[in-house]
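Following: one structure in structure tokens, then a few remarks.
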Amino acid sequence: MALVSEIEAAHALVLEDVIVRFGRVTAVDGVSFAVRRGEFVAIIGPSGAGKSTLLRAINRLAPVSSGRILAEGRDVTRLRGRALYRWRSQAGMIFQQFNLVPRLDALTNVLTGRLNGLPFWRSWTGAFSFRDQLEAMALLEELGLVDKAFVRVEHLSGGQQQRVAIARALMQRPSLMLADEPTASLDPRNARLVMETLRMINRRRGITTLVNLHNVEFAREFADRIVALRAGRKVFDGAPQALDQRLAAELYLGDESEAEQERMPLVVSA
């Protein structure tokens with residue numbers, strides 16, 4: 001127990017044998033790893049590997065069938081009610097499809113990140129304080145979008161919309177950032193810009209960051225560490241330079257149905 005306590009105290013996030021099942025389908029199959037405070041971790045793997053389910057399990061959008069997820073030593077799998085609501089506000093979530101309100105301007109979309117921290121009457125009326133508005137404008141400026149503050153997001157490019165979504169997540173003042181395939185809907189130029197933005201935020205603010213990616217080269221370039229999944233199982237956990245071309249090719253060999261059948265035994269730890 002002493003060793004477990006030391007691990008819990010030293011890490012921002014600890015996953016212990018996490019399993020997520022949907023009926024007869026096991027989407028995440030006994031995944032364990034720990035994430036240091038301020039670390040930037042890329043989670044890679046083929047479609048159907050369980051990457052998105054794992055991130056959703058961390059912020060409790062997907063139910064955890066068994067195992068534990070510890071954040072700063074607190075078991076978030078046991079949280080209910082207000083405590084769960086607070087945890088979700090601490091774990092900023094960035095989605096592939098942005099999840100913005102198209103008819104609202106960029107500033108208002110960013111401000112919605114504060115709704116979970118407002119009293120009920122203010123969140124219901126959408127009444128944001130002047131301080132909140134200044135903070136939202138500062139975030140847009142930091143992400144190079146202050147000139148788009150009053151532009152409806154449906155008129156912004158995909159890369160600009162994703163940066164608005166990042167600013168909205170930051171408006172929650174999170175201790176953890178979770179990004180689910182944030183570059184999948186973007187062209188190469190905007191994809192790189194979004195990754196540079198996430199890395200900048202991680203370095204400048206020290207926010208622990210987990211990013212799901214299909215792009216192995218982005219994982220190698222931007223992450224401190226790579227965790228790879230296949231058929232719901234962890235098959236690699238180590239430094240980016242330890243994931244060589246052979247391992248990367250083997251990871252993506254075949255489609256997800258084949259991966260489910262094979263349950264490849266490739267396990268690497270560096």
Side-chain angles (χ1 to χ4, degrees), residues 3-4 7-8 11-36 39-71 75-77 91 93 95-96 176 178-184 208-220 222-270:
L3 179 60
V4 173
I7 292 173
E8 292 173 6
H11 291 82
L13 191 69
V14 178
L15 281 69
E16 296 180 348
D17 198 25
V18 173
I19 296 175
V20 180
R21 295 190 183 97
F22 299 102
R24 296 182 178 180
V25 177
T26 301
V28 176
D29 193 356
V31 171
S32 298
F33 61 88
V35 182
R36 297 189 306 274
E39 193 171 20
F40 191 111
V41 178
I43 302 174
I44 66 170
S47 297
K51 303 187 303 296
S52 293
T53 301
L54 183 63
L55 247 61
R56 289 171 179 270
I58 290 171
N59 78 344
R60 297 286 308 283
L61 289 176
V64 177
S65 303
S66 65
R68 296 198 304 167
I69 299 173
L70 304 160
D75 187 352
V76 301
T77 58
M93 191 80 177
F95 299 91
Q96 176 181 339
L176 176 69
L178 306 171
D180 187 15
E181 300 283 3
T183 64
T208 307
T209 304
L210 277 69
V211 182
N212 283 348
L213 291 169
H214 267 303
N215 189 317
V216 176
E217 292 310 311
F218 274 171
R220 284 197 180 104
F222 292 101
D224 300 317
R225 174 173 158 213
I226 294 175
V227 173
L229 303 181
R230 180 156 185 164
R233 292 180 175 177
K234 185 180 75 172
V235 295
F236 176 86
D237 183 355
Q241 60 269 25
L243 183 70
D244 60 26
Q245 294 295 338
R246 181 190 65 81
L247 291 176
E250 193 171 358
L251 175 66
Y252 287 92
L253 180 66
D255 61 25
E256 60 260 39
S257 61
E258 291 175 345
E260 186 67 29
Q261 294 168 6
E262 293 169 7
R263 300 277 188 183
M264 292 184 63
L266 170 65
V267 178
V268 181
S269 182

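This is a predicted model, so every value here is computed, not measured. Any value given below was found using the heavy atoms of this structure, including those in side chains, with hydrogens, waters and symmetry copies removed.
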Legend entry - Distance (rounded to the nearest 0.5 Å) between N212 CG and L55 CG: 4.5 Å
Legend entry - Euclidean distance, D29 CG relative to I19 CD1, rounded to 0.5 Å: 6.0 Å
Inset, instruction - Determine whether Y252 and V216 make a side-chain contact, defined as any pair of heavy atoms from C-beta on separated by less than 4.5 Å. - result: yes
Inset, instruction - Taking all non-hydrogen atoms of both residues into account, name the closest pair between L213 and A42 and its distance. - result: CD1-CB, 4.1 Å
Legend entry - Within-4.5 Å side-chain heavy-atom neighbours: F236 and L243: yes
Legend entry - Side-chain heavy-atom pair H11, V35 within 4.5 angstrom cut-off: no
Inset, instruction - From the options V76, L54, V14, select the one residue that forms a side-chain contact (heavy atoms from CB on, under 4.5 Å) with I69. - result: V76
Inset, instruction - Quick one: pull up CD1 in I226 and CZ in R220 and give me the separation to the nearest 0.5 Å. - result: 6.5 Å
Inset, instruction - Compare every heavy atom of V18 with every heavy atom of V28, then report the nearest pair and how far apart it is. - result: CG1-O, 3.4 Å
Legend entry - Check: E181 and K51 side chains under 4.5 Å, non-hydrogen atoms: yes
Legend entry - Spacing of L61 atom CG and T53 atom OG1 [to the nearest 0.5 Å]: 11.0 Å
Inset, instruction - State, with a plain yes or no, whether a side-chain heavy atom of H214 is found less than 4.5 Å away from one of I44. - result: no
Legend entry - Non-hydrogen atoms of S52 and D180 that approach each other most closely: OG-OD1, 2.7 Å
Inset, instruction - To the nearest 0.5 Å, tell me how far R21 CZ sits from T26 OG1. - result: 5.0 Å
Legend entry - F22 side chain reached by S65 side chain, heavy atoms, under 4.5 Å: no
Legend entry - Sequence-distant partners of D17, side chain to side chain contact (heavy atoms under 4.5 Å, CB included), two or more places apart: S32
Inset, instruction - Mind checking the CD-CG spacing from E250 to D244? Nearest 0.5 Å is all I need. - result: 9.5 Å
